[in-house]
Q: 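Before we start, here is the structure in question, set down as structure tokens.
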Amino acid sequence: MGGPRIQVVQDADELGRAGADLVAGVFAATPAASVVVATGRTPMGLYAELAGCRRSGLADTTRITVYQLDEYLGLEPGDRRSLFGWMRRRFLEPLGITGERVVRLPLGGDLEGACAAFDRALEERGGLDLAILGLGPNGHLGFNEPPSDPWAPTRVVDLSPVTIVANASYWGEVADVPTRAVTMGMGQLLSARAIVLVVSGKSKREIAHRALEGPVGPGVPASFLQEAASGVTVIVDRAAWGNG
Ligand code: GLP
């Protein structure tokens with residue numbers, strides 16, 4: 001308890017190194033950790049640093065299991081916009097995580113039932129040891145768009161206009177961004193035994209302060225990190241935090 005530990009770093013490079021140190025520490029303490037990892041731009045430096053740690057024998061990922069955080073709905077297999085594809089290229093492959101050690105979100109069939117089964121299976125395996133998350137421009141975690149309750153389960157969501165605009169920068173233009181997605185729930189994320197939130201850049205400054213210092217409520221889902229029972233570390237660069 002005691003609220004998130006806020007670690008202010010100089011810039012995006014230092015954020016990557018500090019984040020990788022922290023994650024490598026979790027892997028060392030919990031070699032068979034269950035981990036959920038965000039896509040988005042912010043954690044990419046962390047993942048590259050972590051892959052470097054693995055190559056030099058400082059991080060062992062042979063027993064880690066990785067869960068998918070979020071995915072767009074309605075994409076054909078192989079679509080360039082797949083968030084799973086992004087995670088595979090930038091996290092799973094560089095860290096040598098394959099096969100049964102990768103747990104994907106359901107994307108078809110009876111989605112409501114399949115999401116509930118996903119949450120049950122995660123709980124039966126003991127829940128998450130670590131969540132590596134980024135901060136959406138509207139305070140979302142994964143695709144838990146405002147309003148999201150802290151117990152919200154894994155589910156289908158409609159993306160908000162501000163999220164669609166932000167995601168357009170990944171894929172081209174607004175019309176390229178799917179409008180629906182599946183996200184791991186707030187309940188699953190907030191129950192993780194450790195949470196690392198990475199925040200970088202001036203455009204995140206206002207939402208970072210609202211999320212971490214403002215009122216706690218569903219209107220800014222990341223604000224629930226202030227009350228999470230788990231160990232929450234926020235690694236934020238000066239551009240996003242100011243001088244404190
Ligand atoms: C996206 C993703 C999140 C990500 C966040 C921040 O919409 N759904 O998982 O963490 O927004 O992304 P970025 O790091 O690119 O700012």
Side-chain angles (χ1 to χ4, degrees), residues 9 11-13 15-16 18-20 23 35-50 66-75 81-92 104-105 107 128 130-146 148 152 154-174 176-186 188-190 192 195-212 220-225 232-237 239-241:
V9 295
D11 54 25
D13 288 346
L15 185 152
V23 172
V35 184
V36 64
V37 301
T39 52
R41 290 202 178 86
T42 317
M44 293 305 125
L46 188 167
Y47 300 161
E49 290 285 342
L50 193 61
V66 175
Y67 286 78
Q68 189 178 8
L69 174 63
D70 48 16
E71 182 59 285
Y72 301 120
L73 276 176
L75 302 183
R81 297 165 295 175
S82 160
L83 297 180
F84 181 78
W86 189 348
M87 174 169 86
R88 180 167 40 73
R89 289 187 299 277
R90 304 299 291 271
F91 190 88
L92 300 175
R104 298 184 68 159
L105 287 165
L107 292 174
L128 295 168
L130 174 65
I132 306 173
L133 300 173
L135 180 64
N138 55 0
H140 73 213
L141 296 177
F143 277 136
N144 286 281
E145 298 281 45
S148 281
T154 298
R155 66 201 184 285
V156 174
V157 291
D158 291 318
L159 299 183
S160 67
V162 65
T163 294
I164 291 174
V165 168
N167 280 218
S169 74
Y170 308 145
W171 315 119
E173 44 190 294
V174 162
D176 292 323
V177 183
T179 56
R180 296 173 75 223
V182 176
T183 185
M184 188 181 277
M186 290 296 291
Q188 286 63 44
L189 296 176
L190 293 172
I195 299 174
V196 183
L197 179 75
V198 287
V199 191
S200 174
K202 197 170 170 206
S203 67
K204 296 284 176 72
R205 191 179 285 194
E206 191 198 334
I207 191 64
H209 283 278
R210 276 175 66 202
L212 298 166
V220 181
S223 67
F224 289 114
L225 293 172
V232 179
T233 303
V234 181
I235 309 179
V236 56
D237 66 16
W241 197 247

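First listed ligand is number 1; within each ligand, the first listed atom is number 1. The figures that follow rest on heavy atoms only: side chains count, while hydrogens, waters and symmetry mates do not.
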Q: List the atom of Ala181, the atom of Phe143, and the distance in Å for their closest heavy-atom pair.
A: CB-CD1, 3.5 Å
Q: So, using side-chain contact (heavy atoms from CB on, under 4.5 Å) as the criterion, who are the partners of Arg180 when residues are at least two apart?
A: Leu73, Val156, Asp158
Q: Quick test of your reading of the structure: of Thr39, Leu141, Ile164, whose heavy atom lies closest to atom 4 (C) of ligand 1?
A: Thr39
Q: Of the side chain and backbone of Val198, name the one, both, or neither that has a heavy atom under 4.0 Å from an atom of ligand 1.
A: neither
Q: Just jot down the ligand 1 atoms closer than 4.0 angstrom to any heavy atom of Asn167, in number order.
A: 1 (C), 7 (O)
Q: How close do Gly134 and Leu141 get, heavy atom to heavy atom, and via which atoms?
A: O-CD2, 3.7 Å
Q: Purely on distance, is any nitrogen or oxygen of Thr163 under 3.5 Å from one on ligand 1?
A: no
Q: Taking the side chain from Glu71 and the backbone from Phe84, do they hold a donor-acceptor pair closer than 3.5 Å?
A: yes
Q: Which heavy atom of Ala222 sits nearest a heavy atom of Leu135, and at what distance?
A: CB-CD1, 3.5 Å
Q: Under a 4.0 angstrom heavy-atom cut-off, which atoms of ligand 1 come close to Thr42?
A: 13 (P), 14 (O), 16 (O)
Q: Atoms of ligand 1 less than 4.0 Å from Leu69 heavy atoms?
A: 9 (O)
Q: Which of the atoms of ligand 1 are close to Asp70, meaning less than 4.0 Å from one of its heavy atoms?
A: 2 (C), 3 (C), 8 (N), 9 (O)
Q: Determine yes or no for a side-chain-to-main-chain donor-acceptor pair under 3.5 angstrom, with Asn144 supplying the side chain and Met184 the backbone.
A: yes
Q: Give the minimum heavy-atom separation between Leu15 and Thr42, together with the two atoms involved.
A: CD2-O, 4.2 Å
Q: Check each atom of ligand 1 against the heavy atoms of Lys204 and keep those under 4.0 Å away; list them by number with element.
A: 13 (P), 16 (O)
Q: Nearest to atom 11 (O) of ligand 1, what protein heavy atom do you find, and at what distance?
A: His140 NE2, 3.1 Å
Q: Please tabulate, for the side chains in residues 161-169, all donor-acceptor contacts under 3.5 angstrom to protein atoms that are two or more places apart in sequence or on a different chain.
A:
unit_1: Thr163; atom_1: OG1; unit_2: Asn138; atom_2: ND2; d: 3.4
unit_1: Thr163; atom_1: OG1; unit_2: His140; atom_2: ND1; d: 3.2
unit_1: Thr163; atom_1: OG1; unit_2: Glu145; atom_2: OE1; d: 3.0
unit_1: Thr163; atom_1: OG1; unit_2: Glu145; atom_2: OE2; d: 2.8
unit_1: Thr163; atom_1: OG1; unit_2: Ser160; atom_2: OG; d: 3.1
unit_1: Asn167; atom_1: OD1; unit_2: Tyr72; atom_2: OH; d: 2.6
unit_1: Asn167; atom_1: ND2; unit_2: Thr163; atom_2: O; d: 3.2
unit_1: Ser169; atom_1: OG; unit_2: Arg41; atom_2: NH1; d: 3.0
unit_1: Ser169; atom_1: OG; unit_2: Ala166; atom_2: O; d: 2.9

Q: Could you tell me which atoms of ligand 1, counted from 1 in the order shown, lie closer than 4.0 angstrom to a heavy atom of Gly142?
A: 2 (C), 3 (C), 8 (N), 9 (O)
Q: Distance under 4.0 Å to a non-hydrogen atom of Leu135: what atoms of ligand 1 satisfy this?
A: 6 (C)
Q: Using a 4.0 Å cut-off to any heavy atom of Gly134, which atoms of ligand 1 qualify?
A: 10 (O)
Q: Report the nearest protein non-hydrogen atom to atom 12 (O) of ligand 1: residue, atom name, distance rounded to 0.1 Å.
A: Tyr170 OH, 3.0 Å
Q: After noting the C-alpha distance and the side-chain angles of Leu50 and Phe91, does the key distance pass the side-chain contact (heavy atoms from CB on, under 4.5 Å) rule?
A: CA-CA 9 Å; Leu50 193 61; Phe91 190 88; 4.1 Å; yes
